[in-house]
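All remarks here apply to the structure that follows.
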Amino acid sequence: MRRDFRFEPLVSSPDARHMRTGVIYTPHGIIRTPAFIPVATAASVKALTVDMMHDIGTQAILANAYHLYLQPGPVLIEKAGGLGKFMNWSGPTFTDSGGFQILSLGSGFKKVISLVSEEATVAIKSTRHAFVDNDGVNFKSHRDGSLHRFTPEISMNIQHKLGADICFSFDELTSLADSYQYQEEALERTHRWAIRSVDEFRKLQSENPDRPYQALFGVLQGANYENLRRQTARFLNTLDFDGFGIGGALEKSTMSEIISWCSDELPANKPRHLLGISEPNDIFTAIEQGIDTFDCVSPTRVARNGAAYTLTGRFNIKSAKYFEDFSPLDPECSCYTCQNYTRAYINHLFKAKEILASILVSYHNEYFILKLVEDIRKSIEQGSFNELRDSWLKRYYA
RNA sequence: GCUGGGAUAGUGAAGCGGUCAAACACGACAGACUGUAAAUCUGUUGGCUUAUGCCUUCGUAAGUUCGAAUCUUACUCCCAGCA
């Protein structure tokens, strides 16, 4: 089996132990890192066409095995020629395993990520644990309530059919509300699932030697416990993974440490992906601690609800005070939206519930984050990361 | 001109003697959103100005009643039918 995938670290920054630039080579092109990977859950970056994605400098996209399994089904996408062909995206693609969705949607909906409250704790313990067993997870479709089951083997089969360049092992997402004992149990389960993910995935690949190579990333859990995070990084590194994803509910206060523990233990020659992060301060933190790629729904989700990024912070364009504001969303932005449309117009589009509102702001927000990460990458090359970080964050959060 | 129906907060629309500052919907205003059940969700929406408080409101005016958006009378306007 030809491994048409590799990561080449380029500039290691003297500013921070693990920070670096690099290039990820995939069968569908390269990704210059650090890179933000827009999320296309259901094979679409919501509100954006592929042309738009190219225009704003999208290097790769990340879709989801859970959603595509439920609709339209992996068999159809395989027939279409794979995820990229299906959605007309010729560049590199990622798919998530579905582990996160199964446990964060349905019974865990809105509770798993930010669960600190007692209510969330109770909800998690009484519902989630009933569905997880050592072999896999039973779950109900969020679409029609029908019963389904995911195991590492099933997730790998789906992702193999979807045909993304980079796939993730099947993991169990835990919540910070879970006990330490549960975190340990779940982590062991995630380890066994990682072994099974590798075995199944490599078996499928050897049975289909003519297909483009698909890389497999192992997912690190372990909540906010240093020993668990380090332990899982060391363990996963013994398996046949091409890279790693750092997952779990990441609190602002501990994210930096968690990533640095993982980076300490992971090999320098394999890429490190951070799952589901994209607020500007988090981006700086993640990259500084050695993250190469990361994905997030936030820029488009927030855009559809009227929030736009600017160099001086995020604001809500729906607000009445922009009714007569004929300046661009961000006066310093050179994206298509900011070059051609005013705040007053976009404010009107939201009030009038016009589809174009979502399109224009999604375009701007994705551009804004992609540009920020691009600027950060250049700053690492030029040895000016710290200066950029300090001045940028000072303005943004002023 | 006659007969019948109707006028409720920004709009539509419940309520038909006390538990009504008045349901609900929309709108408006604000907030949230981090591996997308999210073009979603939450809160506020008469005034005072934050209180198991006071004041002003249900077309206008007068009345019945301990008590009226709710009952009576007159008036004004709107709608339908008849002339």
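Every chain is numbered from 1 and lettered A, B, ... according to where its sequence line falls, protein lines coming before strand lines.
- Counting any heavy atom pair closer than 4.0 Å across all strands shown, A/Gln221 reaches a base atom.
- In this structure, the CD1 atom of A/Ile291 is 15 Å from the P atom of B/G35, given to the nearest Å.
- The gap from the P atom of B/C48 to that of B/G10 amounts to 14 Å, rounded to the nearest Å.
- A/Lys46 comes within 4.0 angstrom of a nucleotide base, judged by non-hydrogen atoms across all strands.
- Taking atom P on both B/A22 and B/G47, the two are 13 Å apart, rounded to the nearest angstrom.
- Here B/U76 sits opposite B/A7 as a Watson-Crick or G-U wobble pair (both hydrogen-bonding atom distances under 3.5 Å).
- Aromatic ring centres of A/Phe150 and A/Tyr69: separated by under 6.0 Å.
- Residues passing the ring pair (Phe, Tyr, Trp, His ring centres under 6.0 Å) test with A/Tyr25, sequence neighbours excluded: none.
- Pair check for B/G35 finds none; no Watson-Crick or G-U wobble contact set falls under 3.5 Å.
- Remark: P of B/A39 and CD1 of A/Ile355 are 12 Å apart, rounded to the nearest angstrom.
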List, with names and distances, any nitrogen or oxygen atoms from the protein found under 3.5 Å away from nitrogen or oxygen atoms belonging to nucleotides 29-31 of chain B.
| residue | atom | partner | partner atom | Å |
| --- | --- | --- | --- | --- |
| B/C29 | OP2 | A/Lys351 | NZ | 2.2 |
| B/A30 | OP1 | A/Ser319 | OG | 3.0 |
| B/A30 | OP2 | A/Ala320 | N | 3.3 |

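- One can place CZ of A/Phe36 at 11 Å from C1' of B/G35, the figure rounded to the nearest angstrom.
- For B/C33, one of the phosphate oxygens OP1 or OP2 lies less than 4.0 angstrom from a side-chain nitrogen or oxygen of A/Arg314.
- If you check B/G63 for Watson-Crick or wobble pairing at under 3.5 angstrom, you find it paired to B/C71.
- Whole-Å rounding puts the A/Phe150 CZ to B/G35 C1' distance at 14 Å.
- Summarising the base pairing, B/U19 is matched to no nucleotide, lacking a Watson-Crick or G-U wobble pair whose two defining distances lie under 3.5 Å.
- Between the CD1 atom of A/Ile369 and the C1' atom of B/C33 there is a distance of 14 Å, rounded to whole Å.
- Pair check for B/C2 finds B/G81; Watson-Crick or G-U wobble, both atom distances under 3.5 Å.
- Using a 4.0 Å cut-off between charged nitrogen and carboxylate oxygen, A/Arg272 and A/Asp264 do not count as a salt-bridge pair.
- Remark: the separation of the C1' atoms in B/G15 and B/A32 is 35 Å, to the nearest Å.
- B/C29 is paired with B/G43 under the Watson-Crick or G-U wobble criterion, all donor-acceptor distances under 3.5 Å.
- Of all nucleotides listed (B/C33, B/U34, B/A39), B/U34 comes nearest to the side chain of A/Asp282.
- Side-chain rings of A/Phe326 and A/Tyr345 stay apart, their centers remaining 6.0 Å or farther from each other.
- A/Asp295 comes within 4.0 angstrom of sugar-phosphate atoms only, judged by non-hydrogen atoms across all strands, and of no base.
- Between the CD atom of A/Glu172 and the C1' atom of B/G35 there is a distance of 15 Å, given to the nearest Å.
- B/A83 and B/C66 have their C1' atoms separated by 49 Å, given to the nearest Å.
- Salt-bridge annotation for A/Glu374 and A/Lys371: absent, with no side-chain N of the basic residue lying under 4.0 Å from a carboxylate O of the acidic one.
- Spacing between atom CG of A/Leu173 and atom P of B/U34 amounts to 13 Å, rounded to whole angstrom units.
- Atom name C1', nucleotides B/G59 and B/U70: the rounded distance is 15 Å, in whole Å.
- Counting to the nearest Å, the P atom of B/G27 and the CZ atom of A/Phe350 are 15 Å from each other.
- For B/G53, the paired base is B/C48 (Watson-Crick or G-U wobble, both distances below 3.5 Å).
- Partners of A/Thr310 by side chain to side chain donor-acceptor pair (under 3.5 Å), not counting sequence neighbours, listed by chain and number: A/Thr312.
- Base contact: A/Asp171 has a heavy atom under 4.0 Å from a base atom.
- For the pair A/Arg32 and A/Glu381, the salt-bridge criterion is not met [side-chain N within less than 4.0 Å of a carboxylate O].
- When distances run from any side-chain atom of A/Ser97 to the nucleotides B/A39, B/G35, B/C33, the shortest one goes to B/G35.
- B/C20 and B/A69 have their C1' atoms separated by 8 Å, given to the nearest Å.
- A distance-only check finds no donor-acceptor pair linking the side chain of A/Gln221 to the backbone of A/Arg229 [under 3.5 Å].
- At least one side-chain nitrogen or oxygen of A/Arg301 sits closer than 4.0 Å to the OP1 or OP2 atom of B/U34.
- Using a 4.0 Å cut-off between charged nitrogen and carboxylate oxygen, A/Arg211 and A/Glu78 count as a salt-bridge pair.
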